Amino acid sequence: MTSLADLPIRDNLRGLTPYGAPQKAVRIALNVNENTHPIPEAVAQSIIESLAVAILKVNRYPDREFTELRDSLARYLGHGLTRDNLWAANGSNEVLQQILQAFGGPRRSVLGFPPTYSMHSIIASGTGTQWIEGTRDAEYLISPETAVEWIERTTPDIVFFCSPNNPTGTPLSLETIAAAYDATDGIVVVDEAYAEFAPDDEPTALTLLEGRDRLIVSRTMSKAFAFAGARVGYLAAHPAITDAMRLVRLPYHLSALTQAAAVAALAHTREMLAMVDDIKAQRDRLLVELPKLGYTAHNSWANFVLFGGVANPSAVFEQLLEDDIIIRDLGIPNHLRVTAGTEAETTAFLEALARIAV
Ligand SMILES: *Cc1c(COP(=O)(O)O)cnc(C)c1O
């Protein structure tokens, strides 16, 4: 029997394991930071109507430039952005892959700051880009000095930030992003997958784009927009960056159905984002309740909480699973991560955890 190890696979892929968040059929899934609220019925109807129109034309290739979607995304983001600043793909993971295809690759490197989103290093491997691991300060923060020091020491072609950071929830200051940008001639990427869950008055990295042509802010409809299954991610950057994406994307990479669904969803932004405040309230509840159970909860601006003080993470993970609840064990010693679900899901999680604690 041939196994992976017997194949003439690229050297830099030897021995690697694929992204593997467990997909289990459980009652309460709080493991991959999805929005656990279904999309509103009225919006679903509107999306179905758009899909019904689009399906009649699938004998033709879709708009390769997904112009209407870029217009919709620009309108949603604001900040003076236009379609020329926008690019989209099948999830922000594909956007990040396209960025590395264009700016990374063999003999090039990308600097990241673990613990961070596991896909960043996996996409680096997939594109043959060297992954360099920087370090964080206390409480998983990254000061401007720490970022600049790592950039000067390792001279990466690309710097990956994640703000707020997955899996820690940690916000990243705009000062750190600006200092990192000034310290490199390379590309600086800020993965803002969870931006909508940050405090309302906090500026995002979008405010830094003006005058910074090598800065890229990536976003997704997977989390706040409750659209994980539709696969729509996007970036905002200087128009020259989107021209670079056109060199590496596969032609017609966004299907007509994806474009139709996303445009329809964005026409209902207010309803689609109505649950974000509820989810933030459940996250804040986790931040208050977890310490009462004897755990340390790390400050989070996202829709999940990383908590420490777990003597045996895999045992707690398994016991929750017996209660039909799945959370995430990311291999950070004495830590687990839980997604903020609906009020009922969060209650069920906290009650199950309390039973384990005694
Ligand atoms: C969930 C997540 C994404 C989203 O990926 P999609 O491909 O858009 O579903 C991107 N970045 C981070 C940090 C995430 O946690």
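Quick caveat: nothing in here was measured; it's all calculated off a predicted structure. All values below come from the heavy atoms of this structure, side chains included, with hydrogens, waters and symmetry mates left out. Both ligands and their constituent atoms are indexed starting at 1 by order of listing.
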Student: Taking 4.0 angstrom as the limit and counting only heavy atoms of S222, give me the atoms of ligand 1 inside it, by number and element.
Tutor: 6 (P), 8 (O), 9 (O)
Student: Assess whether a salt bridge exists between R246 and E65, defined as any Lys/Arg side-chain N lying under 4.0 Å from an Asp/Glu carboxylate O.
Tutor: yes
Student: If you measure from the Lys or Arg side-chain nitrogens to the Asp or Glu carboxylate oxygens, is any gap between K280 and E196 under 4.0 Å?
Tutor: no
Student: Below the 3.5 angstrom mark, is there an N/O of N90, backbone or side chain, next to an N/O of ligand 1?
Tutor: no
Student: Under 30°, 30 to 60°, or over 60°: which ring-plane class applies to Y61 and Y252, parallel, tilted or perpendicular?
Tutor: parallel
Student: Which word best sums up how the rings of F161 and F113 line up, parallel for under 30°, tilted for 30 to 60°, or perpendicular for over 60°?
Tutor: parallel
Student: So for ligand 1, is E94 a polar contact partner (N or O within less than 3.5 Å, distance only)?
Tutor: no
Student: Looking at R231, which atoms of ligand 1 are within less than 4.0 Å of one of its heavy atoms?
Tutor: 6 (P), 7 (O), 9 (O)
Student: Is there a nitrogen or oxygen of N166 sitting under 3.5 Å from a nitrogen or oxygen of ligand 1?
Tutor: yes
Student: Do the side chains of Y234 and L69 get nearer than 4.5 Å, heavy atoms only?
Tutor: no
Student: Regarding atom 14 (C) of ligand 1: of the candidates Q97, K223, R219, which has the closest heavy atom?
Tutor: K223
Student: Quick one: which ligand 1 atoms are inside 4.0 Å of a heavy atom on C162?
Tutor: 13 (C)
Student: Determine whether V32 and T339 satisfy the following criterion, side-chain contact (heavy atoms from CB on, under 4.5 Å), listing intermediate values before the conclusion.
Tutor: CA-CA 7 Å; V32 285; T339 306; over 6 Å; no
Student: Honestly, is R108 close enough over F103, meaning NZ or CZ under 6.0 Å from the six-membered ring centre and within 45° of the axis?
Tutor: no
Student: Counting from 1, what ligand 1 atoms have a heavy atom of A193 closer than 4.0 Å?
Tutor: 2 (C), 3 (C), 10 (C), 11 (N), 12 (C), 14 (C)
Student: Would you mind checking which non-hydrogen protein atom is closest to atom 4 (C) of ligand 1, with the distance to 0.1 Å?
Tutor: S92 OG, 3.3 Å
Student: Taking only heavy atoms of G91 into account, list the atoms of ligand 1 that are under 4.0 Å away from them.
Tutor: 6 (P), 7 (O), 8 (O)
Student: Counting only heavy atoms closer than 4.0 Å, does ligand 1 sit against the backbone of D191, its side chain, both, or neither?
Tutor: side chain
Student: Which protein non-hydrogen atom lies closest to atom 15 (O) of ligand 1, naming both residue and atom, and how far is it?
Tutor: Y194 OH, 2.6 Å
Student: Would you call the rings of Y194 and F304 parallel, tilted or perpendicular, where under 30° means parallel and over 60° means perpendicular?
Tutor: perpendicular
